[in-house]
Amino acid sequence: MPDQAFLGTAFHAPAPDRLDVLENSLIVVDDNGMITAVHASGSTDALSEAERFRASGRLVVLKPGQFLLPGLIDLHVHAPQWPQLGKALDVPLEVWLQKYTFPLEARYADTGFAEPIYESLVDSLLANGTTTALYFATTHLPATELLANICLRRGQRALIGKVAMDDPNECPSYYRDASAELAAADTRAFIDYVRRLPGNETQLIQPVVTPRFIPSCTDDLLFRLGGLAKETGCHVQTHCSESDWEHDFVIARCGMTDAEALDRFGLLTRKTVLAHGNFLGDTDIALIKQKGAGIAHCPLSNVYFANAVLPVRKLIDQDVHVGLGTDIAGGASPSIFDNARQAVVASRSLEGGVDVAIPPDRRGVPDSRITAVEAFWLATAGGGIALDMPIGVFAPAYQFDAILVDANAGDSNLLLYPDDGPYDILQKIIYSAGRTNVSKVWVAGRLVRTIGPKSQD
Ligand code: GUN
Ligand code: FE
C-alpha cells in the first residue's frame with residue numbers, strides 16, 4: 001500500500017474534555033498505515049503536501065458534510081452471541097448464561113455453524129464503524145482460529161481470546177474445557193497460531209488470554225492463565241464485578257473482591273480489560289489504576305444484567321483507563337455510537353435519579369454526568385489507551401484507523417444546518433449518526449469498507 005493523504009475536517013478527542021476540530025487539515029499516512037503528519041488548514045506544508053499527493057492520485061478529498069473520525073473501538077464483544085442479538089434479555093445473568101448462552105456457544109464446536117455467523121458479525125461491526133474489536137470467542141480452538149482468519153481477511157484490527165472455563169460447578173458438561181491443563185494448553189496453542197498466522201506480520205490480529213470470569217474457572221486454571229499472560233505478554237480480558245450475583249459469588253468463593261482475586265492470579269496487568277466493573281469499590285478502583293488495567297463500559301448491557309450504572313464520570317476524573325463495549329449480545333446493538341449515546345443517557349439518569357418517590361435533592365448521585373465529547377473520547381482515544389495501542393487519535397505515530405461520517409448519506413437521521421458549528425456537528429454525530437452515515441472505513445490506512453462506488457471521491 002502506497003503512502004496517501006486525507007484533506008478535510010476531522011474530529012478527535014485527545015483528552016476526555018477536549019474536542020479538537022482539525023478543520024480542513026491534511027493527514028499524511030505512510031505505506032504502513034501510520035500517521036506521519038497532521039498539517040493545519042492552509043499551512044504551507046499542507047498546501048505543498050496536498051499538491052504532491054494530488055498529482056500522484058493519492059489524495060482523498062472530503063466533500064461538504066463529510067468528516068473524518070478515529071475508528072470506533074469496541075472493548076467487549078462476544079462473537080458467538082451474534083445470533084442472540086436482541087433476544088433472551090428476560091432473565092438475570094446467571095440464568096441467561098445457563099439457559100440461553102452456553103447452549104448457543106456450545107454449537108461453535110462446528111466450524112460450519114461458526115463461519116457464516118462470524119463473517120456476518122465482522123462485516124456488521126465494520127459497517128458500524130468499529131475498526132478495533134476485543135472479542136471473546138468460545139472454548140473451541142478451531143472456531144476461534146476461524147474468527148482470527150476472518151478478521152484478518154476483512155482487515156479489522158482484532159484482539160481475540162479462546163474462552164477458558166473449566167469449573168464443573170458452574171459450567172455444564174456439554175460446554176466446558178476438559179481440565180485446567182487442557183484449557184491453558186489450548187490458550188497457548190491459540191496464541192501461537194495467531195502470532196504465526198501468515199499475513200499477520202503486523203500483528204493486526206492479537207491473541208488474548210481470556211478466562212470467562214472467576215465463577216466459571218477453577219483457581220488452578222486462573223493461576224495458569226496468569227502465568228501465561230506474564231510469559232507471553234498478551235492482553236487479558238475477563239468479566240469483573242458485573243452484577244450483585246457475580247460480585248457476591250467471588251467474595252464468597254475467594255474471600256476477596258473480584259479485582260483483588262484477579263490480581264492474586266496474575267491477571268491484572270497494563271494490558272487487561274475488565275468488562276463492566278459496576279460493583280468495584282474504591283480500593284478495587286485504586287488497584288486497577290495502579291496496575292494500569294482498563295474497564296470496558298457496556299452501558300446497554302448494564303441495563304439488563306447489572307441493574308446498575310457504572311460511575312464512569314468518577315473513573316474518568318481519576319484517570320482510570322476506560323472505553324466502551326457493546327457486550328454483544330448482553331447489549332442489543334452492534335454500534336459503538338449507540339453505546340456512546342447510552343453512556344451519556346445512563347450517566348444523566350445516575351445523576352438525576354429515576355425514582356420519583358424520592359425527593360429530587362436525594363434522588364440521584366451528584367456530578368455523575370458525562371458529555372457527548374467525553375462519550376466520543378470513550379469510544380475512541382479511551383479505548384486505545386485501555387488497550388495500550390496507538391489508535392483512537394489523529395496524531396503522528398498513531399495508526400490511521402478512521403471512519404468517514406457522511407451527513408449527506410441517504411436515509412440519514414444526521415441532519416446538519418448552516419448554523420451548526422463544529423461542536424454542534426460532533427454532538428449531532430454522537431447522538432444521531434448511524435450505520436448509513438459510516439460511508440468508508442480504514443484500518444491501518446487500508447480501505448476495508450465503502451458504501452457505494454469504490455472510488456475514493
Ligand atoms: N459473565 C460471564 N459470561 C458473560 C457473558 O457472556 N456476558 C456477560 N454480559 N457477562 C458474562
Ligand atoms: Fe460480556
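In listed order, ligands and their atoms are each counted from 1.
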- Query: Would the F190 and H140 ring centres measure less than 6.0 Å apart?
  - Reply: no

- Note on the structure: The protein N, O or S atoms lying under 2.8 Å from the Fe ion (ligand 2) are H76 NE2, H78 NE2, H239 NE2, D327 OD1

- Message: If we only consider heavy atoms of H276, is any one of them less than 4.0 Å away from an atom in ligand 1?
- Response: yes

- Before signing off on this row, confirm whether E242 and ligand 1 have an N or O atom pair separated by under 3.5 Å. yes

- Message: Could you check whether T257 and E260, counting side-chain N and O atoms only, form a donor-acceptor pair closer than 3.5 Å?
- Response: yes

- Task: Take E351 and R313 through the test salt bridge (charged side-chain N to carboxylate O under 4.0 Å, His left out) and record every step on the way to the result.
- Result: CA-CA 10 Å; E351 182 171 292; R313 156 93 281 134; over 6 Å; no

- Within less than 4.0 angstrom of ligand 1, does F136 place any heavy atom? no

- Please step through ring pair (Phe, Tyr, Trp, His ring centres under 6.0 Å) for the pair F6 and W442, ending with a clear verdict. CA-CA 12 Å; F6 298 82; W442 294 267; 5.1 Å; yes

- Residues E105, R212: salt bridge by 4.0 Å N-O rule: yes

- Query: Any idea which protein heavy atom is nearest atom 9 (N) of ligand 1, and the distance to it?
  - Reply: D327 OD2, 2.7 Å

- Query: Are a donor atom and an acceptor atom from the side chains of Q84 and Y100 found within less than 3.5 Å of each other?
  - Reply: no

- Task: Answer side chain, backbone, both or neither: which part of W96 comes under 4.0 Å from ligand 1, heavy atoms only.
- Result: side chain

- Message: Side chain, backbone, both or neither: which applies to E246 and ligand 1 if a contact is any heavy-atom pair less than 4.0 Å apart?
- Response: neither

- Item | Side-chain donor-acceptor pair present, S432, N413, cut-off under 3.5 Å | no

- Message: Does either side chain, that of D258 or that of H247, offer a donor lying less than 3.5 Å from an acceptor on the other one?
- Response: no

- Query: Quick one: do D177 and K162 make a salt bridge, cutoff under 4.0 Å?
  - Reply: yes

- Shortest protein contact, atom 3 (N) of ligand 1 (heavy atom only): R212 NE, 2.8 Å

- Numbered atoms of ligand 1 (with element) below 4.0 Å of L93, judged on heavy atoms: 8 (C), 10 (N), 11 (C)

- Are the ring centres of H76 and F136 closer than 6.0 Å? yes

